[in-house]
Amino acid sequence: MLYVLDLYLWRGFENTCCLETLLGKQTWTKVALRNVPLKPGRSLMDWIRLTKSGKDLTGLKGRLIEVTEDELSKHNKKEDCWICIRGFVYNVTPYMEYHPGGEDELMKAAGTDGTDLFDQVHRWVNYESMLKECLVGRMAVKPIAALKGVLPEKRVLASSAKDLSPSYDWFQTDSLITIVIYTKQKDMNADLVIVDCQDKQLRVEIIMDDHSYLVEVDLDHAVSEDVAVNIAEKVGKVEIILNKKDNIQWKMLGQPREGHNTFIKRTDRGLFYRKCKLVSKTEVTHDTKLFCLMLPKGTHLRVPTGQHIYLKHIIAGTEVVKPYTPVLPFLPLDFQEPPCHDGVHLYLMIKIYSHGLFTQALDHLQIGDCISVSNPEGNFKKSQVQTSEDLLLLAGGTGFTPMVKLLNFALTEVSCLRTVKLIFFNKTEDDILWRNQLEQLALKDESRFEVQFILSQPSEDWVGKQGKISPSLLSEFVKRSRRDSKVLICICGPTPFTEQGVQYLKDLGYSQEEIHAFTA
Ligand code: FAD
Ligand code: NAP
C-alpha cells in the first residue's frame, strides 16, 4: 500500500480539520478523515507523468469552453467531476485516484465552486500548474452578481477594515525616493514588512494581523538594489528608502500594478515568490542537510518565529510547492545577545527522503542555483510564549525545525519563563538533529533548559528513554513546574504524531489555549 506523506490540493484540509477538532476549534461541519492509501502508481510524480503524456484529460480535445453554473453542477459524480477554483473550471475526474486526501474529499466540491474550501486549506498549492491539463475553461460570469471567488468580491472591505486601512505617500530628494506607509498600527516591526525591489518593480507588503496592505508599482525610473527600511514602531510608520540610479526629478512614483494600494485579507492575497540563490549545503545528519539561501539584494524579508515559507521548484515541467520552516544557522549559546538576523540569509534544515519528490530535487541543486521562496505564513504568535511560565516543546524528526527559533526566542527574550523543556522523538540516535548543540545548551542554561531524547527504534546500546509518543511518556515528561503555572506546549512532527500528541495532552487535562500544534 502506498501513502503520500505530504499534502497537495485538499489533503491538508484533513490535517487542519482534525487538529482544529482536537483542539476544540472545529470550524467546518464535516470532520474529514486522514490520508487514504493510494494505489500503486498514483504518486505525485505519477500524476505529473500522466499530465505530460499528451492524453486528453478533459475530454474536450484541448478546447476551452465557457461553463455556466448549470453546466458545472451536472458534473458532480466521481466518474465525471468538475470543480471551479477562482473562476476556472477543472475536470478533476482523472485526478481522483491521485488525490492523497482521497476521492471523498475531492467530491466535497464536485460540481461547485470549491474556491472557499480550497482557500481554507492550502491557497499556496499550485493547482494552476498541477491541474493545467484538466482545465475545461472559465466560468461564464453572470451579468449582475459577481462570481463567487473571483477577485473583485474579495476586495470589498468590511467597514471596520476600511477604518484601519493604511495609506501611503512618497517624496524625493536629488538622490533618494522615500515611500512612507502609515499603518496606524502601534506594534509595527520589521518582521511585518516585506519589500522586493528588482528591475524597476517595487512590491511592499505590510502584514497587519490577518490583513495585508500592498504597495506595488512599476517605478518611474531605475533605482539601485539597496533598499532601506525604517520603522517608527510606536506610530506605525514604515519608510522604504530607494536610491535613484540617476539624479533626476521623478514626476510620479510609477505605474500602479494590479494589487497596488489594496488592504485585503491575507488569505485572499496570492503568495509572492522571489528567486534565492543556494549558497551552501551542509550535513546535519546522515539524511538531513542545512541549506543556506541568499535573498536577492532588493529584498527585505524576515521569517517570524514559528512561521514557515514555501519553496517552489519546477520538477518534470510542473511547479511543485512544499513548506519548510527556517531555522538559525546554529543554536546561539550566548543568551545576552538578541538573536542575530543578518537579513540576507535563510537557513533551512531539510530531510532528504530517498524517494521524496521535492527533497530529491533540492538535493540535486548546485551551489549558485536558484529556487523560489515565498513570503512567510503561519499562525503562531510569540505573545503565546511571552505570557507563559513553562514552555514544553514536543518534536518528532524534522518537527524540530519550528522549535529552533522558538527555543532561542524563549531563552534570550522571555524573562518570565521558568522552565523550557524539549522532548525530542526520533527513530535512532543517528537521526537526532543538533544533539550536541542541544546538550551544550542544556549545560549552559541548566536552571531553565532541559532536553529529553526519546527513540522509537534504538540500538541495544541506547541507555536513554525509548518509545513512541504515548500518554504514559507525556505524563512523565510534560509537567507544570508549579501546580498553577501558565504553560504553553508546542508540538510538531509527522501528522499522526501531532494529532495523537494533541489528543493525549487534552486527555491529560491541558486546555486548547495551552497547546499549539504546528501544521501547514
Ligand atoms: P514526498 O515525495 O512527499 O515523500 C515523502 C515520503 O513519502 C518519502 O519517504 C517518500 O519516499 C514517501 N512517498 C512519497 N510518495 C510515496 C508513495 N506513492 N508511496 C509510498 N511512499 C511514498 N521538512 C523538512 O525537512 N524541514 C522543514 O523545515 C519542514 N518544514 C515543514 C513545515 C510545514 C508547515 C510542513 C507542513 C511540512 C514541513 N516539512 C519540512 C515537510 C516538507 O514540506 C515535505 O513534506 C518533505 O520535505 C517531503 O517532501 P518530498 O516531496 O521530498 O517527499
Ligand atoms: P520520522 O523520523 O519518521 O519520525 C520522527 C519520530 O516520530 C519517530 O520516533 C517516529 O517513530 C515518530 N512517529 C512517526 N510516525 C508516528 C506515528 N504515526 N505515531 C507516533 N509516532 C510517530 O519523522 P520525519 O521523517 O523527520 O518527519 C517529520 C514530519 O514533521 C514530516 O511529516 C514533516 O512534514 C513534519 N513537519 C511539520 C512542520 C510544521 O510546521 N507543520 C515542520 C517541520 C516538519 P516511528 O517511525 O519509529 O514510529
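Order of listing sets the numbers, starting from 1, for every ligand and every atom in it. Worth knowing before you read on, the calculation uses all heavy atoms, side chains too, and leaves out hydrogens, waters and symmetry mates.
- Close contacts between ligand 2 and Thr519 involve ligand atoms 41 (N) [criterion: under 4.0 Å to a heavy atom].
- No N or O atom of Thr401 sits closer than 3.5 Å to an N or O atom of ligand 2.
- Note: an N/O pair closer than 3.5 Å links Leu357 and ligand 1 by distance alone.
- The shortest N or O to N or O distance between Lys351 and ligand 1 is under 3.5 Å.
- When Thr398, Leu348, Thr325 are checked for heavy-atom proximity to atom 28 (O) of ligand 1, Thr325 turns out nearest.
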task: Evaluate the ring pair (Phe, Tyr, Trp, His ring centres under 6.0 Å) criterion for residues Tyr347 and Phe291: first the C-alpha distance (whole Å), next the side-chain angles of each, then the deciding distance (0.1 Å), finally the verdict.
output: CA-CA 6 Å; Tyr347 293 89; Phe291 289 75; over 10 Å; no
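- Heavy atoms from other residues, nucleotides or ligands lying under 6.0 Å from NZ of Lys351 number more than 12.
- At a heavy-atom cutoff of 4.0 Å, ligand 2 is contacted by the backbone of Asn426 but not by its side chain.
- Within the 6.0 Å centre-distance limit, the rings of Tyr310 and His308 are counted as a close aromatic pair.
- Sequence neighbours left out, the pairs with a member in residues 284-298 that pass salt bridge (Lys or Arg N to Asp or Glu O under 4.0 Å) are Asp226-Lys297, Lys289-Asp363.
- Proximity of Leu473 to Lys465: side-chain heavy atoms (C-beta onward) are separated by under 4.5 Å at one or more points.
- For His355, heavy-atom contacts with ligand 1 shorter than 4.0 Å involve the backbone as well as the side chain.
- At least one N/O-N/O distance between Tyr324 and ligand 1 falls below 3.5 Å.
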message: Between Asn436 and Gln440, is the side chain to side chain donor-acceptor pair (under 3.5 Å) condition met? List the steps.
response: CA-CA 6 Å; Asn436 251 333; Gln440 276 187 48; 5.2 Å; no
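- The backbone N or O of Leu290 lies less than 3.5 Å from no partner atom in the side chain of Lys281, so there is not a single donor-acceptor pair.
- The backbone N or O of Val487 lies less than 3.5 Å from no partner atom in the side chain of Asp390, so there is not a single donor-acceptor pair.
- Residue-ligand proximity, Gly399 to ligand 2, at heavy-atom distances under 4.0 Å covers atoms 30 (O), 43 (C), 44 (C).
- Here Met349 has backbone heavy atoms under 4.0 Å from ligand 1, and that is the only part of it that gets that close.
- In this structure Phe497 satisfies the ring-ring contact (aromatic ring centres under 6.0 Å, His included) test together with Phe425, sequence neighbours excluded.
- For ligand 2, the atoms sitting less than 4.0 Å from at least one non-hydrogen atom of Ser456 are 8 (C), 9 (O), 10 (C), 11 (O), 45 (P), 47 (O), numbered in the order shown with element in parentheses.
- The distance from ligand 1 to the heavy atoms of His308 drops below 4.0 Å at these ligand atoms: 34 (C).
- The closest donor-acceptor contact from the side chain of Arg274 to the backbone of Val373 lies under 3.5 Å.
- With a heavy-atom cut-off of 4.0 Å, Pro494 touches ligand 2 through backbone and side chain alike.
- For ligand 1, the atoms closer than 4.0 angstrom to any heavy atom of Ser43 are 18 (N).
- Ligand 2 has no nitrogen or oxygen under 3.5 angstrom from a nitrogen or oxygen of Gly397.
- Shown in contact with Tyr353 at under 4.0 Å from a heavy atom are these atoms of ligand 2, numbered in order with element: 24 (P), 25 (O), 27 (O).
- In summary, the side chains of Gln457 and Thr428 do not present any donor paired with an acceptor at a separation below 3.5 Å, with no hydrogens or angles considered.
- Residue contacts with ligand 1, taken as heavy atom pairs separated by less than 4.0 Å, involve Thr519 solely via the backbone atoms N, CA, C and O.
- Within ligand 2, the atoms closer than 4.0 Å to a non-hydrogen atom of Pro496 are 17 (C), 18 (N), numbered from 1 in the order shown.
- Residue Gln457 approaches ligand 2 through these ligand atoms, each under 4.0 Å from one of its heavy atoms: 45 (P), 46 (O), 47 (O).
- Side-chain atoms of Arg480 and Thr419 include no donor-acceptor pair closer than 3.5 Å.
- Contacts of Lys351 with ligand 2, taken as heavy-atom pairs under 4.0 Å, involve the side chain alone.
- Using modelled atom types and a 3.5 Å distance limit, the side chains of Lys132 and Thr318 yield no donor-acceptor pair.
- For ligand 1, the polar-atom distance check finds an N/O of Thr359 within less than 3.5 Å of one of the ligand's N/O atoms.
- The contact set between ligand 2 and Gln500, taken as ligand atoms under 4.0 Å from a residue heavy atom, comprises 19 (N), 20 (C).
- Heavy atoms of Tyr353 found under 4.0 angstrom from ligand 1 belong exclusively to the side chain.
- Not a single N or O atom of Thr495, backbone or side chain, sits closer than 3.5 Å to an N or O atom of ligand 2.
- The closest side-chain donor-acceptor pair between Thr115 and Arg86, if any, does not fall under 3.5 angstrom.
- Listed by atom number, the atoms of ligand 2 under 4.0 Å from Gly396 heavy atoms are 5 (C), 28 (C).
- For ligand 2, the polar-atom distance check finds an N/O of Gly493 within less than 3.5 Å of one of the ligand's N/O atoms.
- Here Ser456 contributes atom OG and Asn426 contributes atom CG; the two are 7.5 Å apart, rounded to the nearest 0.5 Å.
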